Amino acid sequence: MPIFSKYALMRGADSFLQSLRPFSLFNSLASASASRPALTQFRDILNNQITGIKDAGTYKMERVITSSQSTEITVEGTQKRILNFCANNYLGLANNPEVVSYSKELLDKYGAGLSSVRFICGTQSIHKELEKKISQFHGREDAILYASCFDANAGIFEAILTPDDAVFSDELNHASIIDGIRLCKAQKQRYKHRDMSDLEKQLQSSTARLKLIVTDGVFSMDGNIAPLPKIVDLAAKYDALVFIDECHATGFFGATGRGTEEYYNMLGRVDIINSTLGKALGGAAGGYTTGPKELIRLLRQKSRPYLFSNSLPPPVVATGIKVMDMLMHSDQLSQRVQSNTKRFRDAMTKAGFVIGGENHPICPVMLGDARLASIFADQMLSRGIYVIGFSYPVVPKGKARIRVQISAAHTTDDVDHAVAAFVDVGKSLKVIK
């Protein structure tokens with residue numbers, strides 16, 4: 001029997017918020033909208049879209065967590081602990097006591113927020129301190145903070161590229177990269193996923209002033225890795241620059257967590273790195289660009305998400321500072337997530353599952369059928385393991401999977417328990433023998 005009711009688990013945030021509204025105010029708003037045909041039409045258009053999303057099976061429900069983010073969580077509808085294997089909390093630092101304590105300390109000292117953008121009165125000494133630590137961690141000249149890496153990706157291409165320039169983007173790059181490139185006026189080229197022959201053909205035919213190759217370091221749905229050595233070689237051959245998004249690599253991938261460059265033993269070869277503070281680095285919020293000092297100076301003048309967004313609040317900055325200090329003093333956490341990843345991948349492969357990706361904590365358990373992935377995830381949940389099934393259009397048709405994400409905070413018993421649950425469900429659903 002499921003450990004909590006499906007209704008309690010899937011109850012949407014919208015119904016919860018509606019219950020908090022004063023009844024008379026809600027009724028008055030409904031009455032006002034009924035007297036306005038344009039608003040009524042607007043609601044109908046939106047509801048039709050929502051119905052279409054539900055009919056397509058892609059409507060996203062928000063499960064409400066009632067504990068801190070951790071490898072063990074509780075969700076609305078139950079007090080039982082559930083093992084979480086689907087968070088980006090790769091280093092397990094989202095509720096780390098040292099991180100939380102330092103965040104509280106800087107909250108008391110610097111306040112809750114700045115009520116300003118950076119260039120007016122929104123830059124504190126701690127913002128500059130974190131930017132310096134980020135650039136030191138990556139071995140770059142300078143860094144600039146954003147509210148998120150989505151903002152960092154949205155703010156860079158428009159600021160640095162003109163119609164005389166060209167950008168070459170992997171077709172499976174993150175949505176934030178795609179949206180950021182759409183905003184710029186450069187010549188836009190898209191090469192087949194990790195296909196270096198296709199990339200070379202496009203570079204070869206380009207006469208652009210600046211040529212910028214753009215790739216994710218690790219692709220989040222498949223856990224596969226950009227062929228960075230070949231990309232850098234092509235950049236050298238055709239006089240191009242290389243940009244990499246390291247959101248699913250920074251802090252835990254590579255021997256000391258320096259990311260895809262370190263994984264390939266080629267530190268310092270990439271020109272521009274964008275990454276996040278919202279995944280492995282404490283899980284709070286924030287993103288950044290790090291690279292040449294001239295680039296960072298220009299972004300402070302021209303990057304719209306930086307210029308027109310509030311500064312990161314002090315407690316979030318504190319989280320970044322503390323985590324950077326931890327990573328620069330020890331690689332213990334990155335080593336642990338790598339050993340946990342190997343343990344999970346080896347055991348699952350031995351059990352007969354097909355695991356996608358390449359030695360990365362993102363471990364897609366490939367199932368193929370969308371309905372099977374959904375049923376499989378539900379049955380895992382009933383066994384106390386929180387994982388999510390992904391299917392079309394998030395992933396290609398016929399490639400539905402359960403995306404497992406491994407953390408340094410998982411114990412070996414946690415990993416073994418998850419594998420045992422996968423084997424149990426896999427046999428009951430005839431995925432494995």
Side-chain angles (χ1 to χ4, degrees), residues 71 83-92 170 172 174 193-194 216-228 247-249 252-255 259-260 263-264 279-280 334-381 383-392 394-433:
T71 53
L83 278 175
N84 188 355
F85 276 87
C86 60
N88 296 318
N89 189 23
Y90 295 109
L91 295 177
D170 188 293
L172 294 188
H174 191 266
H193 181 46
R194 303 197 308 164
D216 279 334
V218 176
F219 295 86
S220 61
M221 280 297 109
D222 292 313
N224 57 11
I225 306 161
L228 194 58
C247 285
H248 289 278
F252 64 94
F253 196 52
T260 310
Y263 176 78
Y264 284 116
K279 291 183 171 62
S334 60
Q335 292 295 324
R336 190 181 303 159
V337 72
Q338 290 165 34
S339 65
N340 281 347
T341 297
K342 186 177 188 306
R343 187 181 187 91
F344 180 82
R345 283 179 171 273
D346 287 351
M348 289 289 284
T349 301
K350 184 177 180 181
F353 289 98
V354 176
I355 309 299
E358 309 167 46
N359 304 316
H360 190 276
I362 294 173
C363 304
V365 181
M366 306 305 294
L367 298 172
D369 181 73
R371 179 172 171 77
L372 173 62
S374 178
I375 293 171
F376 204 118
D378 287 344
Q379 293 199 16
M380 289 292 289
L381 200 56
R383 288 161 173 80
I385 306 293
Y386 186 4
V387 290
I388 297 292
F390 290 88
S391 57
Y392 180 82
V394 178
V395 297
K397 287 183 178 179
K399 292 190 176 182
R401 81 283 305 268
I402 289 175
R403 187 179 71 171
V404 176
Q405 289 169 279
I406 306 297
S407 171
H410 286 128
T411 66
T412 55
D413 286 345
D414 292 340
V415 174
D416 293 346
H417 182 56
V419 171
F422 266 107
V423 170
D424 186 25
V425 176
K427 287 181 177 178
S428 71
L429 296 178
K430 300 187 183 334
V431 174
I432 58 173
K433 295 180 180 179

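Everything numeric here is computed off the predicted structure, so don't read it as measured data. Side chains are part of it too, since the values below use all heavy atoms of this structure and drop only hydrogens, waters and symmetry mates.
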Hey, is the main chain of [Y] close enough, under 3.5 Å, to the side chain of [X] for a donor-acceptor pair?
X: Arg401; Y: Met221; result: yes
X: Arg194; Y: Ile225; result: yes
X: Ser339; Y: Arg336; result: yes
X: Asp216; Y: Phe219; result: no
X: Gln338; Y: Ser334; result: yes

Inset, instruction - For the pair Asn224 and Glu358, evaluate side-chain contact (heavy atoms from CB on, under 4.5 Å) and give the outcome as yes or no after the intermediate values. - result: CA-CA 5 Å; Asn224 57 11; Glu358 309 167 46; 3.2 Å; yes

Legend entry - Set of salt bridge (charged side-chain N to carboxylate O under 4.0 Å, His left out) partners for Arg403, sequence neighbours left out: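 Salt bridge (charged side-chain N to carboxylate O under 4.0 Å, His left out) check on Arg403 returns nothing, list empty.
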
Which heavy atom in [X] sits nearest to a heavy atom in [Y], and how many Å separate them?
X: Gly92; Y: Ala409; value: CA-CB, 3.7 Å
X: Ile406; Y: Cys363; value: CG1-SG, 4.1 Å
X: Ala400; Y: Ala373; value: CB-CB, 4.0 Å
X: Ala377; Y: Gly389; value: CB-N, 3.8 Å
X: Tyr264; Y: Pro227; value: OH-CA, 3.9 Å
X: Gly356; Y: Met366; value: N-CG, 4.1 Å

To the closest 0.5 Å, what do you measure between [atom1] ([X]) and [atom2] ([Y])?
X: Phe344; Y: Thr412; atom1: CZ; atom2: OG1; value: 14.5 Å
X: Thr341; Y: Asp346; atom1: OG1; atom2: CG; value: 10.5 Å
X: Leu367; Y: Ile402; atom1: CG; atom2: CD1; value: 5.0 Å
X: Ile355; Y: Arg345; atom1: CD1; atom2: CZ; value: 7.0 Å

Legend entry - Side chain proximity check, Pro361 to Gln405, heavy atoms < 4.5 angstrom: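 SC-SC contact between Pro361 and Gln405 ruled out.
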
Inset, instruction - Would you check, one step at a time, whether the test ring-ring contact (aromatic ring centres under 6.0 Å, His included) holds for His410 with Phe85? - result: CA-CA 9 Å; His410 286 128; Phe85 276 87; 3.9 Å; yes

Inset, instruction - Scan side-chain atoms only and decide if Asp170 and His193 contain a donor-acceptor pair under the 3.5 Å cut-off. - result: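 Yes, His193 and Asp170 have a side-chain donor paired with an acceptor closer than 3.5 Å.
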
When the side chains of residues 418-433 are checked against the rest of the protein, which donor-acceptor pairs come out under 3.5 Å, sequence neighbours left out?
residue : atom : partner : partner atom : Å
Asp424  : OD2  : Arg383  : NE           : 2.9
Asp424  : OD2  : Arg383  : NH2          : 3.4
Ser428  : OG   : Val425  : O            : 2.8

Inset, instruction - Determine, stepwise, if the pair Lys399 / Asp222 fulfils salt bridge (Lys or Arg N to Asp or Glu O under 4.0 Å). - result: CA-CA 10 Å; Lys399 292 190 176 182; Asp222 292 313; over 6 Å; no

Inset, instruction - Please test Val218 against Thr260 for side-chain contact (heavy atoms from CB on, under 4.5 Å), starting from the C-alpha separation and ending with a verdict. - result: CA-CA 8 Å; Val218 176; Thr260 310; 4.3 Å; yes

Inset, instruction - Anything under 30° is parallel, anything over 60° is perpendicular, the rest tilted; go ahead and classify Tyr90 against His360. - result: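 Tyr90 vs His360 ring planes: perpendicular.
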
Inset, instruction - Carefully, step by step, assess Cys86 and Asn84 under the rule side-chain contact (heavy atoms from CB on, under 4.5 Å). - result: CA-CA 6 Å; Cys86 60; Asn84 188 355; 3.3 Å; yes

Legend entry - Audit row: Val404, Val365, side-chain contact (heavy atoms from CB on, under 4.5 Å) steps and yes/no: CA-CA 7 Å; Val404 176; Val365 181; 4.0 Å; yes

